[in-house]
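First the structure, in the form of structure tokens, and then the observations on it.
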Amino acid sequence: MNDAEITHALLAWYDANRRDLPWRKTRDPYRIWISEVMLQQTQVRTVIDYYERFLRDFPDVRVLAEADFDRVLKSWEGLGYYRRARHLHDAAKRIVQEHDGQIPSDTDELKKLPGFGFYTASSVASIAFGRKTVPVDGNIVRVVSRLFHVRTDGKSVPERRRIQRVAERLLPEDTEEVPHFVQSLMELGALVCLPDRPDCDSCPITVVCKARVCSDQSRYPIRRKRDKLLVVHREIALVREGGKILMVKRAGNGLLASMWEFPEISSVRVQSKRKLFEATHTFTHLKWALDVYECTIGDGKGEWFTPDEVEALALPAVFRRIWNRWMSE
């Protein structure tokens with residue numbers, strides 16, 4: 001197989017085997033953008049419901065730009081990596097202000113927008129507009145590194161650009177085929193060229209895969225040792241007075257920016273406390289170990305909400321679980 005034959009084989013395989021996913025039925029750059037941002041760090045089956053709900057709440061870039069950010073966060077609640085929601089909102093405002101509500105098709109212009117890094121800009125440009133560029137995610141790193149024996153972990157920008165240059169050799173001449181080709185690489189990595197147990201017998205390009213020929217698929221891409229998780233212990237105060245609940249809003253930047261949570265015991269003057277249960281939550285490089293107490297206090301900074309109002313707030317997943325358990329008990 002030469003490069004053109006590999007491309008043809010991937011396109012034919014994709015046409016026959018692609019999953020029926022809602023963002024595959026459109027070339028609308030707004031919808032492609034939303035889906036690609038949601039799919040970063042999140043599994044497809046989780047994203048589908050969020051994608052459809054988010055588009056009901058914010059059907060186009062102007063509606064998103066004009067929305068209150070707390071509404072955006074609430075729609076995103078439970079999806080994690082909340083900085084993505086902030087970037088979506090900020091980029092939507094810039095698109096309306098600087099591009100008259102039209103999402104740019106050029107990767108360099110896209111990369112000037114908040115949250116549009118190396119991957120997202122290439123995804124929107126190639127899938128929505130047929131631009132000849134390949135977005136490099138974990139699936140594409142795995143497929144290309146195995147196919148051509150590229151020794152890389154694909155983590156740094158230079159290493160992703162290296163994979164991109166190799167992958168772009170396979171881009172079809174017809175720009176109308178570019179979106180399907182890019183998604184064929186992604187789909188092959190998601191369904192066939194799996195990290196631990198690649199299904200090489202189902203792969204349309206297995207005969208030219210250098211890793212398969214050498215039986216060393218497990219060596220590609222390179223796997224770096226993960227850093228040990230930092231464990232942070234927190235004591236959480238559940239406070240209810242006069243039918244209202246004490247909540248605090250996190251800072252507007254950093255981890256879980258602008259979301260609501262229950263205060264820490266160290267931030268309130270506790271008169272009495274009773275431990276209810278423990279909870280944990282793991283981030284990429286951090287783990288929270290939470291001891292949860294029901295407290296009465298003499299003083300505490302924050303805002304008071306009725307239970308119905310708490311339901312409407314954007315809470316991080318672990319605090320939503322704590323809230324639901326507290327209410328049920």
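Scope of the values below: all heavy atoms of this structure, side chains included, with no hydrogens, waters or symmetry mates.
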Measure across [X] and [Y] and return the closest heavy-atom pair with its distance rounded to 0.1 Å.
X	Y	value
Arg94	Pro114	NH1-CD, 3.7 Å
Ala257	Leu73	O-CD1, 3.8 Å
Ala9	Ile205	CB-CG2, 4.1 Å
Ala128	Pro29	CB-CA, 3.7 Å
Ile127	Arg27	O-NE, 3.0 Å
Met1	Glu5	CA-OE1, 3.0 Å

Quick one: CZ on Phe69 to NZ on Lys74, what's the gap to the nearest 0.5 Å? 14.0 Å
Distance (rounded to the nearest 0.5 Å) between Cys295 SG and Leu276 CG: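 Rounded to the nearest 0.5 Å, the SG-CG separation comes out at 8.5 Å.
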Quick one: does [X]'s side chain have a donor or acceptor within less than 3.5 Å of a partner on [Y]'s backbone?
X	Y	result
Gln164	Val134	yes
Trp33	Val37	no
Glu168	Arg165	no
Thr7	Asp3	yes
Asp216	Arg219	no
Thr120	Gly117	no
Glu187	Arg19	yes
Thr133	Ser126	no
Arg146	Ala211	no
Asp15	Leu11	no

Solution key, residues 311-324 side-chain donor-acceptor pairs under 3.5 Å, sequence neighbours excluded:
| residue | atom | partner | partner atom | Å |
| --- | --- | --- | --- | --- |
| Glu311 | OE1 | Arg320 | NH1 | 3.4 |
| Glu311 | OE2 | Trp323 | NE1 | 2.9 |
| Arg320 | NE | Glu77 | OE2 | 2.7 |
| Arg320 | NH2 | Glu77 | OE1 | 3.0 |
| Arg320 | NH2 | Glu77 | OE2 | 3.2 |
| Arg320 | NH2 | Glu311 | O | 3.4 |
| Arg320 | NH2 | Leu313 | O | 2.9 |
| Arg321 | NH2 | Thr280 | O | 2.9 |
| Asn324 | ND2 | Arg320 | O | 3.3 |

According to salt bridge (charged side-chain N to carboxylate O under 4.0 Å, His left out), who are the partners of [X], at least two apart in sequence or on a separate chain?
X	result
Glu294	Arg274
Arg234	Glu261, Glu264
Asp106	Arg131
Arg161	none

With a cut-off of 3.5 Å and sequence neighbours excluded, list every side-chain donor-acceptor pair involving residues 172-182.
| residue | atom | partner | partner atom | Å |
| --- | --- | --- | --- | --- |
| Asp174 | OD1 | Glu176 | N | 2.9 |
| His180 | NE2 | Arg18 | NH1 | 3.1 |

Please list, one pair per line, the donor and acceptor atoms closer than 3.5 Å that link side chains of residues 189-198 to other protein atoms, with sequence neighbours excluded.
| residue | atom | partner | partner atom | Å |
| --- | --- | --- | --- | --- |
| Asp196 | OD1 | Arg223 | NH1 | 3.0 |
| Asp196 | OD1 | Arg223 | NH2 | 3.0 |

Geometric cation-pi criterion Arg250 and Tyr82, 6.0 Å radius, 45° cone: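 The answer is no; the distance or angle limit is not met.
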Quick check with a 6.0 Å cut-off and a 45 degree axis cone: is Arg151 positioned over the face of Tyr220's six-membered ring? yes
Is a salt bridge present between Arg142 and Asp137, judged by a nitrogen-to-oxygen distance below 4.0 Å?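 Salt bridge flag = no for Asp137 with Arg142.
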Cluster membership besides Ile297, Ile/Leu/Val/Met/Phe/Trp/Tyr side chains within less than 4.5 angstrom, sorted by chain and number, is Val239, Leu246, Ile265, Val268, Val270, Tyr293, Trp304
Are [Y] and [X] co-members of a hydrophobic cluster defined by side-chain heavy atoms under 4.5 Å apart?
X	Y	answer
Val310	Met327	yes
Leu185	Val44	no
Trp13	Val207	yes
Tyr30	Tyr119	no

Starting from the C-alpha separation in whole Å, work towards a yes-or-no answer on ring-ring contact (aromatic ring centres under 6.0 Å, His included) for Phe277 and Trp326. CA-CA 9 Å; Phe277 50 82; Trp326 187 32; 9.1 Å; no
Are more than 12 heavy atoms, taken from residues, nucleotides or ligands other than Lys228, located less than 6.0 Å from that residue's NZ atom? no
Does a sphere of radius 6.0 Å around NE2 in His8 hold more than 12 heavy atoms from other residues, nucleotides or ligands, not counting ones at 6.0 Å or beyond?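 No, not enclosed.
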Partners meeting ring pair (Phe, Tyr, Trp, His ring centres under 6.0 Å) with Phe129 (sequence neighbours left out):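 Per chain and number, Phe129 pairs via ring pair (Phe, Tyr, Trp, His ring centres under 6.0 Å) with no residue.
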Output all residues satisfying ring pair (Phe, Tyr, Trp, His ring centres under 6.0 Å) with His99, sequence neighbours left out; order by chain, then residue number. none
Should Trp23 and Tyr51 be marked as a ring-ring contact (aromatic ring centres under 6.0 Å, His included) after you check the CA-CA gap, both sets of side-chain angles, and the distance that decides it? CA-CA 9 Å; Trp23 46 86; Tyr51 172 80; 5.2 Å; yes
Tell me which donor-acceptor pairs under 3.5 Å the side chains of residues 56-68 have, and how far apart each pair is, sequence neighbours excluded?
| residue | atom | partner | partner atom | Å |
| --- | --- | --- | --- | --- |
| Asp57 | OD2 | Ser75 | OG | 2.9 |
| Asp60 | OD1 | Arg62 | N | 3.0 |
| Asp60 | OD1 | Val63 | N | 2.9 |
| Arg62 | NH2 | Asp100 | O | 2.8 |
| Arg62 | NH2 | Asp100 | OD1 | 3.2 |
| Asp68 | OD2 | Asp70 | N | 3.0 |

Between Gln40 and Arg84, does any side-chain donor sit less than 3.5 Å from a side-chain acceptor? no
Using side-chain hydrogen bond (donor to acceptor under 3.5 Å, both in side chains), reason through Thr42 and Tyr50 one step at a time and then give a plain yes or no. CA-CA 11 Å; Thr42 309; Tyr50 280 94; over 6 Å; no
Partner set under side-chain hydrogen bond (donor to acceptor under 3.5 Å, both in side chains) for Thr46, not counting sequence neighbours: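 In terms of side-chain hydrogen bond (donor to acceptor under 3.5 Å, both in side chains), with neighbours along the sequence ignored, Thr46 is linked to no residue.
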Output, in order, the C-alpha distance, side-chain angles, deciding distance and verdict of ring-ring contact (aromatic ring centres under 6.0 Å, His included) for Phe283 and His281. CA-CA 7 Å; Phe283 302 93; His281 189 76; 4.8 Å; yes
Could you go through Leu230 and Trp288, starting from their C-alpha distance and side-chain angles, then the distance that decides it, and tell me whether this counts as side-chain contact (heavy atoms from CB on, under 4.5 Å)? CA-CA 9 Å; Leu230 171 66; Trp288 280 351; over 6 Å; no
